[in-house]
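Input: a single structure, listed below in structure tokens.
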Amino acid sequence: MFDSEFERNLFELRRSKLKQIEELGQAAYPNRFPAAQDEAATSVAEVRAQWDGKTAEELEAERLQVSVAGRIMAIRAQGKAGFATLQQEGQRLQIYVRLDAVGEQGFALYKLLDLGDHIGVSGYLFRTRTGELTVHVEKLAFLAKAMLALPEKYHGLADVELRYRQRYVDLFTNLESREVFVKRAKVLRALRTFFDSRGYLEVETPMMVAAATGAAARPFKTHHNALDQDLYLRIAPELYLKRLVVGGLDRVYEINRNFRNEGVSTQHNPEFTMLEFYQAYANYQDLMQLTEELLEFVALEVNGTTIAEFNGAQIDFGKVEKLTMREAIIKFWPGQAGPAPTQIDFDNARRFLYFVQNYPVPEDDREESKFKELFHAIEIAREIQTGESIGKHIAALFEAVAEEHLIQPTIIYEFPTAISPLSKQKPDDLDWVERFEIYAGGFELGNAFSELNDPIEQKKRFEEQLAERERGDDEAHQMDEDYVRALAYGLPPTGGEGIGIDRLVMLLTGSKSIRDVILFPLMRSRDQELES
RNA sequence: GAGCUCGUAGCUCAGGUGGUAGAGCAACGCCCUUUUAAGGCGUGGGUCCUGGGUUCGAAUCCCAGCGAGCUCACCA
């Protein structure tokens with residue numbers, strides 16, 4: 001528990017102060033404020049909301065009596081008087097304590113208080129010379145002691161590692177951190193309002209599953225002892241939610257955690273919050289419309305504006321651009337790297353191979369080139385085996401060329417069938433599916449499609465994924481026989497979508513790292529913390 | 001998984017080219033009855049992330065490890 005002698009000594013010192021506080025007739029750990037069960041305190045927020053507008057004269061005339069509790073965030077003693085700043089729910093209120101108002105015992109208690117202590121005060125409101133709304137304390141109640149030193153009062157807790165590991169300190173010292181999580185709650189509330197008002201049913205599907213299905217990712221593995229059965233943490237709820245649509249729950253949504261056993265970055269945490277929703281009788285075009293409405297609604301609910309400041313850009317959730325994946329590749333192709341492909345280069349494998357094989361990839365400085373990722377994708381595409389699909393390579397080109405430019409909300413639609421085993425094909429072109437992804441801030445925010453509901457085709461797609469798995473792609477989708485059976489009972493035409501909530505919160509709060517929007521992000525454990 | 005950067009008091013940070021550690025806040029003592037990053041005087045507090053190496057001498061240079069941040073790769 002202690003990091004140093006300093007902390008150990010401070011802890012002992014505070015213990016002796018606690019004892020002295022008890023000797024003054026106060027409980028060391030009382031269970032309520034105010035102590036009398038039939039009395040209620042006023043919150044700091046209420047005090048500010050109700051009386052911040054009053055002048056010094058009005059306050060003096062009314063002599064408003066209040067009882068307020070809070071944590072001491074600043075303390076300024078002045079001989080036989082003193083000030084302190086109480087903080088409660090992220091709001092602050094000053095109190096003024098003077099010997100002749102609180103008496104010998106009360107003032108002795110005031111002098112035993114430290115930064116971080118919780119206290120309750122009763123008194124009347126007034127304004128100081130400098131105009132600050134302040135409680136003139138008449139009665140002081142001790143509530144709980146801070147036994148450890150608070151971070152520096154001006155800079156707060158700046159060390160990012162400590163902020164994540166000791167979020168409890170971050171939250172009360174860095175109020176902008178608190179604000180992020182208040183907004184996160186608003187995002188969730190707004191989403192639920194949005195779907196509830198449109199007749200969607202909120203559901204919960206399993207987190208622990210026999211097979212990790214519904215997405216391309218590596219799962220976490222665990223074990224159930226009584227059943228002696230290996231289980232996985234889910235990587236997506238998708239196939240369960242569609243089973244529910246088969247069951248006649250025509251509009252469902254789930255907001256819950258997914259787990260993926262993959263790298264950690266500013267945009268990836270091993271557990272993250274996903275919104276998925278499904279709507280019977282709708283296709284991906286309907287979902288595009290819905291997505292636009294959803295983003296605008298949530299931004300307005302959370303920020304009161306559709307504009308969000310993120311990473312130096314002003315992102316406007318009030319409008320969404322639309323491009324096909326192929327259009328985006330052509331549009332964002334870097335001219336300095338070489339000639340861009342044209343629409344017909346994506347028409348079939350022969351055309352595509354001709355394009356990549358004749359592309360002037362420089363031999364020398366390939367690793368240093370700023371088009372490294374693009375050249376890499378082209379090189380891999382050149383080695384296409386006969387019979388292998390080109391879809392994967394087109395998607396790789398898209399990611400290499402376009403993704404980082406998609407700062408304003410952009411819908412990228414029409415995805416290769418090869419990388420979309422759960423999506424319905426375009427009726428006139430079986431190589432492409434009715435799927436889109438929504439991008440903003442330079443990363444993917446959501447993924448949606450017209451759901452594949454033909455059980456025979458679905459089974460075939462799963463088998464193709466298994467073949468990919470055989471070839472060494474351990475992130476290819478797993479077979480789910482029961483899901484195919486569910487489809488065989490008849491899934492109505494359905495549109496479905498998933499939106500990464502953490503990323504949405506990042507954009508709406510201007511947070512550059514996903515860890516800033518997750519209360520307790522995963523950190524490498526430290527021995528020190530394990531033992532105590 | 002790779003590269004770059006960082007790790008000094010409880011916190012925020014200084015410590016060119018090696019000479020044995022400083023400031024502010026916090027803490028402790030004293031003064032101060034309208035202050036607000038309150039003020040004044042004084043005091044204590046450091047395995048300089050860990051372990052090796054080079055050197056007469058390492059917070060500083062080198063190597064390894066641990067932890068973190070950023071970028072890239074994988075992915076959402």
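Residue numbering restarts at 1 for every chain, and letters A, B, ... go by the order of the sequence lines.
- Among the atoms of the strands shown, only primed sugar atoms or phosphate atoms (P, OP1, OP2) are found under 4.0 Å from some heavy atom of A/Gly156.
- When the nucleotides B/G10, B/G69, B/G24 are ranked by their closest atom to the side chain of A/Glu152, B/G24 comes out on top.
- Remark: B/C25 base-pairs with B/G10. Criterion, Watson-Crick or G-U wobble with two distances under 3.5 Å.
- A gap of 25 Å separates the P atoms of B/A2 and B/U60, to the nearest Å.
- Between A/Tyr439 and A/Phe332, the ring centre distance reaches or exceeds 6.0 Å.
- Separation of the P atoms belonging to B/U55 and B/C48 is 22 Å when rounded to the nearest angstrom.
- One finds a side-chain N or O of A/Arg76 lying less than 4.0 angstrom from the OP1 or OP2 phosphate oxygen of B/A38.
- Counting distance only, with no hydrogens placed and no angle test, the side-chain atoms of A/Glu132 and the base atoms of B/U34 include no donor-acceptor pair under 3.5 Å.
- When the C1' atom is used for both B/A27 and B/C11, the distance is 12 Å, rounded to whole Å.
- Rounded to whole Å, the distance from CG on A/Leu157 to P on B/U12 is 6 Å.
- Here the side chain of A/Leu162 is nearest to one of B/A76, B/G67, B/C11, namely B/C11.
- Between A/Asp170 atom CG and B/U12 atom P the separation is 11 Å, expressed in whole Å.
- Nucleotide B/A64 forms a Watson-Crick or G-U wobble pair with B/U50, both donor-acceptor distances falling under 3.5 Å.
- For A/Arg48, the CZ atom is densely surrounded, since the number of other residues' heavy atoms within 6.0 Å is greater than 12.
- With both ends at atom P, the span from B/U34 to B/G39 equals 16 Å, rounded to whole Å.
- Set against B/U35, B/U12, B/A26, the side chain of A/Phe6 has B/A26 as its closest nucleotide.
- Other residues, nucleotides and ligands contribute at most 12 non-hydrogen atoms within 6.0 Å of the CD atom of A/Glu60.
- Taking atom P in both B/U8 and B/U50, the straight-line distance is 10 Å, to the nearest Å.
- Between A/Leu10 atom CG and B/G46 atom P the separation is 14 Å, expressed in whole Å.
- Searching all strands for a Watson-Crick or G-U wobble partner of B/U20 with both distances below 3.5 Å returns nothing.
- Heavy atoms of A/Leu99 sit nowhere under 4.0 angstrom from any nucleic acid atom.
- Going from the C1' atom of B/G18 to that of B/U54 covers 11 Å, rounded to whole Å.
- Across all strands shown, A/Gln94 has heavy atoms under 4.0 Å from base atoms, whether or not it also approaches the sugar-phosphate.
- Atom CZ in A/Phe272 sits roughly 14 Å away from atom C1' in B/C74 (whole-Å rounding).
- The interatomic distance linking A/Asn9 (CG) with B/G29 (C1') rounds to 16 Å, in whole Å.
- Looking only at atom types and distance, the side chain of A/Glu254 has a donor-acceptor partner in the side chain of A/Thr205 under 3.5 Å away.
- A/Arg163 comes within 4.0 angstrom of no nucleic acid atom, judged by non-hydrogen atoms across all strands.
- Here the nucleotide nearest the side chain of A/Lys153, chosen from B/C13, B/A68, B/A38, is B/A38.
- Of the candidate nucleotides B/C70, B/A68, B/A76, B/C70 has the atom nearest to the side chain of A/Thr266.
- Of the candidates B/U12, B/A68, B/A27, B/U12 carries the atom nearest the A/His155 side chain, counting heavy atoms from C-beta on.
- When distances run from any side-chain atom of A/Arg218 to the nucleotides B/U34, B/C74, B/C11, the shortest one goes to B/C74.
- Side-chain atoms of A/Arg129 and base atoms of B/U34 include no donor and acceptor less than 3.5 Å apart.
- Legend: residues meeting ring pair (Phe, Tyr, Trp, His ring centres under 6.0 Å) with A/Phe277, ordered by chain and number and at least two apart, are A/Phe195.
- Contact between the side-chain N/O atoms of A/Arg165 and the OP1/OP2 oxygens of B/A68 is found at a separation under 4.0 Å.
- Base pairing analysis places B/G1 opposite B/C72; the two distances defining the Watson-Crick or G-U wobble pair are each below 3.5 Å.
- Contacts of A/Lys17 with the nucleic acid, taken as non-hydrogen atoms under 4.0 Å apart, involve only primed sugar atoms and P, OP1 or OP2.
- Take A/Arg515 and apply the salt bridge (Lys or Arg N to Asp or Glu O under 4.0 Å) test, not counting sequence neighbours, and it matches no residue.
- A/Ala217 comes within 4.0 angstrom of no nucleic acid atom, judged by non-hydrogen atoms across all strands.
- Nucleic acid contact for A/Asn269: base, since at least one base atom lies under 4.0 Å from a heavy atom of the residue.
- With B/G67, B/C70, B/A76 as the candidates, the nucleotide lying closest to the side chain of A/Arg524 is B/G67.
- Separating the CG atom of A/Asp159 from the C1' atom of B/C13 is a distance of 12 Å, rounded to the nearest angstrom.
- Atoms CD1 (A/Ile75) and C1' (B/C28) sit 15 Å apart, rounded to a whole Å.
- Using a 4.0 Å heavy-atom cutoff across all strands shown, A/Leu13 reaches sugar-phosphate atoms only and no base atom.
- Atom C1' of B/G45 sits at a distance of 30 Å from the matching atom of B/G52, rounded to the whole Å.
- Separating the P atom of B/C28 from that of B/U35 is a span of 24 Å, rounded to the nearest Å.
- Defined by atom type and a distance below 3.5 Å, a donor-acceptor pair is present between the side-chain atoms of A/Tyr278 and A/Glu276.
- We find that CD of A/Glu271 is positioned 15 Å from C1' of B/A76, with the value rounded to whole Å.
- We find the OG1-CD1 distance between A/Thr324 and A/Ile412 to be 7.5 Å, quoted to the nearest 0.5 Å.
- When each of B/U34, B/A37, B/C11 is scored by its nearest atom to the side-chain atoms of A/Pro151, the top-ranked nucleotide is B/C11.
- With distances taken from any side-chain atom of A/Tyr96 to the nucleotides B/A26, B/U34, B/A68, the minimum falls on B/U34.
- OP1 or OP2 of B/G10 lies within a sub-4.0 Å distance of a side-chain N or O belonging to A/Ser4.
- The aromatic rings of A/Tyr124 and A/His136 lie parallel to each other, with less than 30° between the two planes, well short of the 60° mark.
- The residue A/Ala77 sits close to a base: some heavy atom pair falls under 4.0 Å.
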